[in-house]
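Here the structure comes first, spelled out in structure tokens, and everything after it is commentary.
Being a predicted model, the structure only gives us computed values, none of them experimental.
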2 protein chains.
Amino acid sequence: MRNKQATIQDIAKTLNITASTVSRALNDHPKIKKSTKELVWATAKKLNYQPNTIASSLRKGKANTVGMIVPRINRHFFSNVITGVESILNPAGYNLIICQSEESIEKEKMNINTLIASRVSGILISLSLESTKYEHIKHAIRNNIPVVLYDRICDELDVCKVENDDVSGSYELTRHLIEQGYRKMMWIGGTRQLNTYTNRFAGYSNALAEIGIDAEKLPIFEGSISLETAYEFMKTYLDENPLPEVIVSASDYMAMGAIVAIQEKGLRIPEDIAISGYSNEPFAGLINPKLTSVEQFSKEMGQETARLLLGQISSEIPSKVKQKIMIRPKLIVRESTIKSKIIKSI
Amino acid sequence: MRNKQATIQDIAKTLNITASTVSRALNDHPKIKKSTKELVWATAKKLNYQPNTIASSLRKGKANTVGMIVPRINRHFFSNVITGVESILNPAGYNLIICQSEESIEKEKMNINTLIASRVSGILISLSLESTKYEHIKHAIRNNIPVVLYDRICDELDVCKVENDDVSGSYELTRHLIEQGYRKMMWIGGTRQLNTYTNRFAGYSNALAEIGIDAEKLPIFEGSISLETAYEFMKTYLDENPLPEVIVSASDYMAMGAIVAIQEKGLRIPEDIAISGYSNEPFAGLINPKLTSVEQFSKEMGQETARLLLGQISSEIPSKVKQKIMIRPKLIVRESTIKSKIIKSI
DNA sequence: AACAATAATGCAAACGTTTGCATTAATTTT
DNA sequence: AAAATTAATGCAAACGTTTGCATTATTGTT
């Protein structure tokens with residue numbers, strides 16, 4: 001009944017050769033005769049042989065598995081990064097174990113531990129919102145597991161990093177707003193402890209500085225990056241304060257919350273108040289009005305991240321210089337920040 | 001330099017006991033003295049011992065790993081199912097390997113093979129659009145790997161299944177439309193080879209039959225479930241045909257495409273033409289007008305799926321009866337199908 | 001035909017756990 | 001205090017590969 005999996009030994013017995021020869025044949029070792037290889041391959045097929053990755057990993061001391069930690073899988077940005085990573089790693093023979101930190105440092109620690117226990121060949125990680133200490137990550141590094149940080153990075157760790165050029169993305173966006181003639185801006189975004197939000201604010205601030213405006217003196221709201229937070233805040237803010245000309249949001253979700261609040265007051269976008277988002281979520285081009293945002297090339301980011309990791313894995317001596325890659329984002333101008341409404345696009 | 005990982009043997013040597021005792025101590029075996037356990041745990045900590053899951057899996061013949069195949073990870077529905085699965089599997093000590101079939105049966109086959117090679121304890125799978133033959137899945141079953149199908153299932157396979165009650169979801173939706181007074185309906189959806197779309201159409205058809213209308217005689221459009229497909233189709237359709245009173249879409253994305261086309265013609269929703277979607281994507285509550293849709297409880301589906309699998313894994317004798325779980329969806333009525341526009345909700 | 005050189009295969013240990021059975025230590029019973 | 005019982009630990013094999021080194025088979029050289 002319980003038809004056990006065929007092993008390398010079974011093949012060996014059938015052909016009256018040793019397991020070593022079979023192993024080498026299967027791995028296309030140059031010292032094995034072509035005829036033998038073909039015999040082995042044929043019987044492997046006949047016996048329905050499936051290589052046992054676990055045994056192989058144990059012997060080799062390494063699993064052909066890579067661990068990837070994301071804050072949340074159901075964010076388009078992250079799921080696309082995952083797709084990018086897979087598109088490089090799978091062809092290279094690696095499997096991905098995906099873990100969610102759910103923005104909690106405790107979960108992140110647990111994730112790291114299971115990944116170490118699984119003897120993964122490498123770890124890709126985007127930090128949780130709570131991560132200010134990095135002992136757990138250093139722990140992985142001490143265990144000689146190559147680590148690559150992507151998107152949400154930190155300076156303290158000396159590892160390869162793939163980053164979005166948030167400063168420049170936000171700068172370009174703000175330049176566009178300035179060109180449209182907007183001056184009275186307002187910033188809404190996540191707390192600036194995360195590099196992404198610090199940098200987006202920096203780009204915004206830099207562009208404004210060029211025309212002599214101090215961003216810190218304009219209205220600023222920082223909170224959790226959710227639709228609800230922004231909606232609740234804006235609902236009261238709009239009543240009690242002079243209207244800004246444009247709301248610059250560090251997140252599409254926050255922008256969306258603001259839009260709902262604005263429209264509930266009967267205000268028009270962009271005529272009464274303009275608004276921009278960030279990261280070009282799929283809904284950005286669908287809502288009314290279509291939302292100006294910044295495309296982050298998440299899939300490409302995943303690919304670069306995976307490539308860096310592969311480089312680290314294959315180099316036996318950990319290279320002294322840790323690479324850092326910047327992904328250049330792209331401004332997507334849509335209706336929500338256009339003074340003269342000419343453009344039509346999805 | 002290359003400080004090798006501590007093993008069970010290292011702990012044993014330090015304490016002058018055997019590896020077996022250490023192993024049992026670590027696994028909290030009842031026959032090990034409490035004092036010994038505490039010694040072992042202490043030195044394990046001191047030596048920074050990390051259990052080697054690979055060795056353990058090899059010895060036990062099974063990995064504490066579960067494979068999960070999804071068509072696409074960047075669909076909210078699927079990423080939420082994943083989250084649900086993890087919420088059950090991780091506490092039970094299992095890791096998830098996630099694979100994307102990208103709607104291709106070839107990829108699906110490859111996925112199955114890597115999962116078999118990884119000796120996963122079980123496989124969760126939602127079929128790709130192309131999957132009409134199931135040899136590869138039977139192959140996994142023959143290898144004694146428990147399989148659970150979720151969402152996109154098929155009758156041919158005798159395994160546990162978790163299904164959305166699409167018939168009832170679509171039926172409720174159509175009842176609501178009928179109550180609103182709509183009669184001239186139009187169906188747009190994916191090709192009816194997939195159970196989900198067949199069933200959604202069935203629910204629609206059933207409800208209409210009750211009031212003496214033959215759904216097959218109303219306009220029907222079937223195509224790939226994407227925004228673009230629906231948009232392109234609707235753009236010309238609306239010009240050349242009498243307007244339906246309501247468009248019933250089997251997918252939020254297709255509904256969105258239709259909405260864009262409708263609004264470009266200067267038509268108002270729901271006054272000139274109403275529209276509904278399915279599966280309650282996050283944008284459904286955000287767009288203008290807010291889209292009536294059907295919530296599928298994806299996270300719960302993931303949890304049920306995981307529970308079924310755990311049941312299969314723990315029962316040594318494969319139970320004859322394969323369970324089937326139905327998840328009841330919930331109609332979410334929003335502006336896009338309300339004749340009298342009273343309701344205000346996000 | 002004898003030898004050297006190379007090609008192909010075999011041997012056996014190792015990777016780090018787990019586990020049935022055997023053994024020894026500690027406790028209870030008579 | 002010896003025997004019987006139970007508790008605690010040890011022994012050794014096994015899981016299925018991989019791989020350095022040894023051995024045998026094959027080919028080429030003189």
Residue [X], side-chain heavy atoms: nucleotide from [options] that is nearest:
X: A/K60; options: D/dA8, D/dG16, D/dT19; result: D/dT19
X: A/Y49; options: D/dT17, D/dG16, D/dG10; result: D/dT17
X: A/R24; options: D/dG20, C/dG16, D/dT9; result: D/dG20

Problem set entry | Lys/Arg-Asp/Glu bridge criterion (N-O < 4.0 Å) met for B/K299, B/E304 |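 Result for this pair is no, no salt bridge flagged.
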Tell me the interatomic distance from [X], atom [atom1], to [N], atom [atom2], rounded to whole angstroms.
X: A/I32; N: D/dT26; atom1: CD1; atom2: C1'; answer: 15 Å
X: A/N27; N: C/dT9; atom1: CG; atom2: C1'; answer: 16 Å
X: B/L58; N: C/dG16; atom1: CG; atom2: C1'; answer: 9 Å

Taking only the side-chain nitrogens and oxygens of [X], find out if one of them lies under 4.0 Å from OP1 or OP2 of [N].
X: B/S56; N: C/dT17; result: no
X: A/T7; N: D/dG16; result: no
X: A/S23; N: D/dT17; result: no

Exercise. Nearest nucleotide by nearest heavy atom, which residue falls closer to the 5' end of DNA chain D, A/P51 or B/S35?
Worked result: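 The residue closer to the strand's 5' end, by nearest nucleotide, is B/S35.
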Exercise. Hey, is the side chain of A/S20 pairing donor to acceptor with the base of C/dC11 inside 3.5 Å?
Worked result: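 Donor-acceptor pair under 3.5 Å: yes.
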Problem set entry | A/N16 vs A/R119, nearer the 5' end of DNA chain C by closest nucleotide |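 Taking each residue's closest nucleotide, the earlier one in sequence belongs to A/N16.
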Exercise. Checking all strands, does B/K33 fall into the base, sugar-phosphate, or nothing category for heavy-atom contacts under 4.0 angstrom?
Worked result: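 Answer is sugar-phosphate: B/K33 comes under 4.0 Å of backbone atoms only.
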